[in-house]
K.L.:
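Can you read through this structure? Questions will come right after.
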Amino acid sequence: MAKTRQYWLMKSEPSAFSIQDLRKARGRTTCWDGVRNYQARNYMRAMKRGDRVLLYHSSADPPLLVGVAEVVREAYPDHTAFDPKHKHHDPKSRRDSPTWFMVDIRFSAEFKKPLALDSLRGVPGLRGMELLRKGSRLSVQSVRRDEWAVIMELAGRH
DNA sequence: GCCAACGTTGGC
DNA sequence: GCCAACGTTGGC
């Protein structure tokens, strides 16, 4: 069966975890813990090694697409949900039946010129992109191949 | 700081 | 199963 690379977008608040943090991390890799939304979780469970991830800085001024990472470990239980002292603890997730999952991603590249959210509006190829939908809050999103290509073009990465 | 757009919770 | 109340996200 032909394997098709998939494309995703993941949000973080740079004050909590930024692309610079990812680049400085051991192995330039981090686990993406703390996702507590079912649709976002389902997207993470669909991720495969080698999939590409757009990194987005939310609640930044301005909000920006900042670079690219790669999925290096497929979904496994998010252990922070098991820890009663942890901020993201969730008692309904149990070790023998986990509710929440995470993946590992590795830094690939930082855009020389990050793309402001505002600058993406009105780009014909991005009409309908989840990120640009009014009220879009999902912290893990699916990105279409053609949308990915447009963004790489805009970021000067052809 | 405001508030729209969610997702979740829980009473009924 | 409905839906009001509540909490959160995140652009502006």
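The chains referred to below are lettered A, B, ... by the order of the sequence lines, with proteins before strands, and numbering in each begins at 1. Both backbone and side-chain heavy atoms feed into the values below; hydrogens, waters and symmetry mates do not.
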K.L.:
If you check every side-chain atom of A:Lys92, which of B:dA5, C:dG11, B:dT9 has the closest atom?
P.N.:
B:dT9
K.L.:
Please tell me which of the listed nucleotides, B:dT8, B:dC6, C:dC12, lies nearest to the side chain of A:Arg133?
P.N.:
B:dC6
K.L.:
Using the side-chain heavy atoms of A:Ser59, tell me which of these nucleotides is nearest: B:dG7, B:dA4, C:dG11.
P.N.:
C:dG11
K.L.:
What nucleotide among B:dT8, B:dG7, C:dG11 has an atom nearest to a side-chain atom of A:Leu117?
P.N.:
C:dG11
K.L.:
How close or far is atom P of C:dG10 from atom OH of A:Tyr56, stated in whole angstroms?
P.N.:
8 Å
K.L.:
Can A:Glu70 and A:Arg52 be counted as an ion pair, charged N to O under 4.0 angstrom?
P.N.:
yes
K.L.:
Rounding to a whole Å, what distance do you find between A:Glu130:CD and B:dA5:P?
P.N.:
15 Å
K.L.:
Starting from P on C:dC12, measure out to CZ on A:Arg137 and report it in whole angstrom.
P.N.:
16 Å
K.L.:
Output the rounded distance in Å from NZ (A:Lys11) to C1' (B:dA5).
P.N.:
11 Å
K.L.:
Under a plain distance cut-off of 3.5 Å, with no hydrogens placed, do A:Gln141 and A:Ser136 share a side-chain donor-acceptor pair?
P.N.:
yes
K.L.:
Nearest-Å distance, CE (A:Met129) to P (C:dG11)?
P.N.:
13 Å
K.L.:
Between A:Arg36 and A:Thr80, do the side chains contain a donor N or O and an acceptor N or O under 3.5 Å apart?
P.N.:
yes
K.L.:
Which whole-number value in Å describes the distance from A:Leu65 CG to C:dG11 P?
P.N.:
11 Å
K.L.:
Looking only at the aromatic ring of each residue, does the gap between the centers of A:Trp100 and A:Tyr38 stay below 6.0 angstrom?
P.N.:
yes
K.L.:
Please tell me which of the listed nucleotides, C:dG11, B:dA4, B:dC6, lies nearest to the side chain of A:Lys134?
P.N.:
B:dA4
K.L.:
In whole angstrom, what separates A:His57's NE2 from C:dT9's P?
P.N.:
17 Å
K.L.:
Could you state the atom-to-atom distance from CG of A:Leu138 to P of B:dG7 in whole Å?
P.N.:
8 Å
